[in-house]
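Structure first, then comments.
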Number of protein chains: 2
Amino acid sequence: MTTRLTLAAPCCALGAPPVSSAEAESIAPMFKALGDPVRLRLVSLIAAQPEACVCDLVAAFPLSGPTISHHLKVLRAAGLVDCERRGTWVYYWVRPEALAQLSALLGRPTSAAESR
Amino acid sequence: MTTRLTLAAPCCALGAPPVSSAEAESIAPMFKALGDPVRLRLVSLIAAQPEACVCDLVAAFPLSGPTISHHLKVLRAAGLVDCERRGTWVYYWVRPEALAQLSALLGRPTSAAESR
DNA sequence: TCCTTGATTAGACAACTGTCTAAACACGAT
DNA sequence: ATCGTGTTTAGACAGTTGTCTAATCAAGGA
């Protein structure tokens, strides 16, 4: 996928060079998916275990099943999670590469950090 | 601010314990702010230097000044950047603590990473 | 085969978002 | 005091989002 992020060895992932327009278009949707409180907690809950059953996720929120299903679909479309049906239940797990990619983007000291 | 994130020493920031509802409400807006391609590039451009002049930021996009100004306001409201007027020009810089907080949330191996 | 239960899809609707133009505000210079 | 330039605010508008209920699909058991 995106190379710049994984080999940003020395420093400044969000520093030089800046994210290109194309990169921004592909990465922003992942941040956007995390930008809803329900979805952020969903990812958190899913990541807390090897995998999570939808039935448990629905039970963790005061929201309808279809609403949770919708949020899971958004997370899946963003590439942050994946799922599989096994018999009656559907299980979700996080895609660690995706989270790592985001973390790498903003995880290192920036030039601003150096000066302030 | 949020303590859990900064002292998440051993591992699993997105792992156990999951993000609380209150935490999600306060953190999600930051991810949401990064969830637009224009804003993601703005943060990237600002972070690439100690600080950036709005005039340069506006010049970097095929968008109107007010639109860039609006996006900068969103980033500021989310706590990701701050700014200061000096004479005619306004300068923006990133708030490294904010980026670090987000990075810490998704930067460590999750239980999913262990199993897959 | 027909229920029952788990999960997703479809459609509706209010609320929010990204963009624009026009207007206003803030400085510095004439 | 007035003008010109940089920046933000106000208001408008099309498009998107989060939520719901109702309907549909999927799998297992009587």
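Reminder, nothing fancy here: chain letters follow the sequence lines and each chain counts from 1.
- As a whole-Å value, the separation of B:D36 CG from D:dT17 P is 11 Å.
- When each of A:P66 and A:G35 is assigned the nucleotide of DNA chain D bearing its nearest heavy atom, the one mapping closer to the 5' terminus is A:G35.
- The CD1-P distance, from A:I68 to D:dT19, rounds to 8 Å in whole Å.
- Both B:V58 and B:Y92 are members of a single hydrophobic cluster when ILVMFWY side chains are connected at heavy-atom separations under 4.5 Å.
- At a threshold of 4.0 angstrom between heavy atoms, the contacts of B:R76 with the nucleic acid are absent.
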Residues B:E51, B:R86; criterion salt bridge (Lys or Arg N to Asp or Glu O under 4.0 Å); working and verdict: CA-CA 12 Å; B:E51 53 188 19; B:R86 282 204 290 282; 2.2 Å; yes
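- Annotation for B:A78 and B:P29: closest pair CB-O, 3.9 Å, computed over non-hydrogen atoms.
- Taking only side-chain nitrogens and oxygens, B:T67 never comes nearer than 4.0 Å to OP1 or OP2 of C:dG18.
- Ranked by how close their nearest DNA chain D nucleotide is to the 5' end, B:K73 and A:G87 are led by B:K73.
- In this structure, A:C83 SG and A:W93 CH2 are separated by 6.5 Å, a value rounded to the nearest 0.5 Å.
- Taking atom CZ of B:F61 as the reference point, atom P of C:dC20 lies 12 Å away to the nearest angstrom.
- Summarising the geometry, the separation between OH on B:Y91 and P on D:dT8 is reported as 13 Å, rounded to the nearest angstrom.
- As judged by a 4.0 angstrom heavy-atom cut-off over every strand, A:H70 is placed among the base-contacting residues.
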Do any N or O atoms of the protein come closer than 3.5 Å to N or O atoms of nucleotides 2-7 of chain D, and which pairs are they?
unit_1	atom_1	unit_2	atom_2	d
D:dT7	OP1	B:C55	N	3.3
D:dT7	OP2	B:C55	N	3.0

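- Note that CG of B:L34 and CG of B:L102 are 6.5 Å apart. Values are rounded to the nearest 0.5 Å.
- Contact record, B:M30 with B:Q101: CE-OE1, 3.3 Å, taken as the closest heavy-atom pair.
- Distance alone, capped at 3.5 Å, places no donor-acceptor pair between the B:R41 side chain and the B:S44 backbone.
- Rounded to a whole Å, the CG atom of B:L75 is 10 Å from the P atom of C:dG18.
- Note: CG (A:L72) to C1' (C:dG6) measures 13 Å, nearest angstrom.
- One finds no side-chain N or O of A:K32 lying less than 4.0 angstrom from the OP1 or OP2 phosphate oxygen of D:dT16.
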